[in-house]
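A quick write-up on the structure given underneath.
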Number of protein chains: 2
Amino acid sequence: MTAAPPPTHSSGRQRDAARTRAEILDVATEEFARLGYTGARVDVIAARIHTTKRMIYYYFGGKEQLFTAVLERAYAVIRQQEQGLDVGHLDPVAAIRRLAELTFDHHEEHPDFIRLVSIENIHEAEHIIGSATLSELSSPAIEVIGRILEEGRAQGVFTADVDAVDLHAMISSFCFFRVANRHTFGALFGRDLTAADRRQHYRTMLGDMVLAYLTGDTARER
Amino acid sequence: MTAAPPPTHSSGRQRDAARTRAEILDVATEEFARLGYTGARVDVIAARIHTTKRMIYYYFGGKEQLFTAVLERAYAVIRQQEQGLDVGHLDPVAAIRRLAELTFDHHEEHPDFIRLVSIENIHEAEHIIGSATLSELSSPAIEVIGRILEEGRAQGVFTADVDAVDLHAMISSFCFFRVANRHTFGALFGRDLTAADRRQHYRTMLGDMVLAYLTGDTARER
DNA sequence: CAATTAACTAACTAGTACGTTACTTGCCCC
DNA sequence: GGGGCAAGTAACGTACTAGTTAGTTAATTG
């Protein structure tokens with residue numbers, strides 16, 4: 001019955017496994033970041049790059065594994081960036097400020113990553129825990145902070161009783177909150193924490209805060 | 001054909017609108033906090049309190065409005081708590097430390113609230129923006145911080161150039177991050193930010209940090 | 001160049017999810 | 001004590017959604 005002639009497939013994808021895989025990962029990152037794990041739709045991810053859902057199952061196994069792959073790549077990016085950070089030539093005070101600023105900038109530049117971290121925390125980090133790549137590797141940033149902290153204490157400029165992991169938490173807190181919670185904070189307090197014209201203010205504020213803590217005479221206030 | 005006799009409905013709910021409404025709100029808070037907006041299931045919320053989905057539509061109109069109602073109540077709780085905070089009798093330094101500790105404690109005690117805030121930020125605060133109750137009222141905490149800040153500056157103990165809203169952001173950052181991101185942080189750095197035996201350490205750290213910032217000679221580090 | 005396999009497509013399945021319709025039951029007040 | 005209405009129930013409908021099955025097309029290689 002005059003079935004439609006089979007499509008020529010001329011509009012089909014080029015056969016390029018690497019590209020298809022990479023494209024899936026790219027749009028999956030966007031979709032998961034935008035809509036959350038449950039909110040993201042496998043069909044939509046496929047449609048956006050003009051492939052089919054089947055390819056996602058072909059390359060990643062399933063929605064869950066795709067999300068894990070997205071996280072793995074997102075974390076690989078910061079680790080790589082952290083690996084390249086070079087503050088060894090600076091004195092401890094300048095080094096900490098520089099490190100804080102780099103952390104600040106990274107958060108500013110990767111709002112999607114921040115959203116993925118929020119989402120993964122809603123899921124109690126189950127994907128990170130289930131990923132050998134993620135749960136085994138540790139962060140280069142901690143090593144760097146540890147060395148600066150040691151040097152600063154040896155020189156007598158850092159007096160606070162804090163270790164590298166906790167200091168990293170302190171720095172990340174501010175950077176993370178500012179980006180992750182900008183919507184509710186803006187709606188409730190009428191202040192856009194990510195407004196371009198206040199960026200430098202917050203960047204300086206972070207450095208001031210961390211250094212005041214590290215170098216301050218904490219006994220003073222108690 | 002011998003249809004089962006109609007259920008006696010003896011096991012039906014008491015007719016108590018207020019209780020039904022309140023119960024829906026309670027379990028909806030739990031479910032939304034646990035699974036996110038998209039992840040939570042209207043049927044499950046109804047089933048958990050032995051009512052039917054229809055009641056949710058009866059009292060709230062829909063899933064979206066239910067989530068908004070959940071947020072409204074959650075924020076009402078902190079506002080009420082903030083209203084009751086009494087630090088007027090303390091000197092500025094002690095008042096800020098006390099305020100930071102109260103914020104810290106509130107975050108510690110209400111992890112569900114923290115999750116709801118994370119979730120609402122994923123949704124770009126659309127429910128808060130759409131709620132007159134939430135977007136119009138402002139936080140009592142800001143007023144309190146403003147007054148302490150003024151007093152501290154008048155006395156010459158606070159030197160930092162910061163306003164109440166930004167200081168609130170700084171304090172909240174640390175409290176929020178510690179609870180909200182404990183899963184990914186724990187998985188990546190092997191440190192439980194919410195471990196009971198480190199609670200006091202972080203509580204003190206927060207106060208030290210904020211006060212060092214406020215009272216410190218910021219010119220020193222630059 | 002033929003056999004093999006990697007890459008890709010379409011259609012389907014089974015289960016799920018929100019929201020609605022139609023109906024029943026108990027309470028309150030005149 | 002009965003009319004009226006608030007409170008509650010059950011079952012349905014439509015749309016969606018993760019994952020699967022079965023088959024096709026292009027590249028590679030012996």
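Letters go in sequence order (proteins before strands), and every chain restarts at 1. If you're wondering where the values come from, they're calculated on a predicted model, not measured in any experiment.
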Sequence neighbours excluded, every pair satisfying side chain to side chain donor-acceptor pair (under 3.5 Å) that has a member inside residues 56-70 of chain A: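 Side chain to side chain donor-acceptor pair (under 3.5 Å) check on residues 56-70 of chain A returns A:Y37-A:E64, A:E64-A:H127.
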B:T20 side-chain N/O to D:dG8 phosphate OP1/OP2 under 4.0 Å: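 Affirmative; the distance criterion is met.
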Which residues share a ring-ring contact (aromatic ring centres under 6.0 Å, His included) with B:F113, sequence neighbours left out: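 Only B:Y75, B:H106 meet the ring-ring contact (aromatic ring centres under 6.0 Å, His included) criterion with B:F113.
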Please report the distance, rounded to the nearest Å, between [atom1] in [X] and [atom2] in [N].
X	N	atom1	atom2	value
B:F67	C:dC18	CZ	C1'	17 Å
A:R41	D:dA18	CZ	P	5 Å
B:D43	C:dT16	CG	C1'	9 Å
B:E31	C:dA17	CD	P	12 Å

Residues 167-174 of chain A, side-chain donor-acceptor partners within the protein, below 3.5 Å, at least two apart:
| unit_1 | atom_1 | unit_2 | atom_2 | d |
| --- | --- | --- | --- | --- |
| A:S172 | OG | A:H168 | O | 2.9 |
| A:S173 | OG | A:A169 | O | 2.7 |

Sorted by number, the residues of residues 53-66 of chain A with heavy-atom contact under 4.0 Å to DNA chain D: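 Going residue by residue through residues 53-66 of chain A, the ones with a heavy atom under 4.0 Å of DNA chain D turn out to be A:K53, A:R54, A:Y57, A:K63.
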Heavy-atom closest contact (B:Y213 atom, B:D161 atom, distance):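 For B:Y213 versus B:D161, the nearest heavy atoms are OH-O, 4.1 Å.
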Touch class at under 4.0 angstrom, heavy-atom based, for B:A18 against every strand present: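 The residue B:A18 makes no contact with any strand.
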Results of side-chain hydrogen bond (donor to acceptor under 3.5 Å, both in side chains) for B:S118 - residues two or more places apart only: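 By the side-chain hydrogen bond (donor to acceptor under 3.5 Å, both in side chains) rule, B:S118 matches no residue at all.
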Give every donor-acceptor pair under 3.5 Å between a side-chain atom in residues 79-86 of chain B and any protein atom, sequence neighbours left out.
| unit_1 | atom_1 | unit_2 | atom_2 | d |
| --- | --- | --- | --- | --- |
| B:R79 | NH2 | B:L137 | O | 3.1 |
| B:E82 | OE1 | B:S139 | OG | 2.8 |
| B:E82 | OE1 | B:A141 | N | 3.4 |

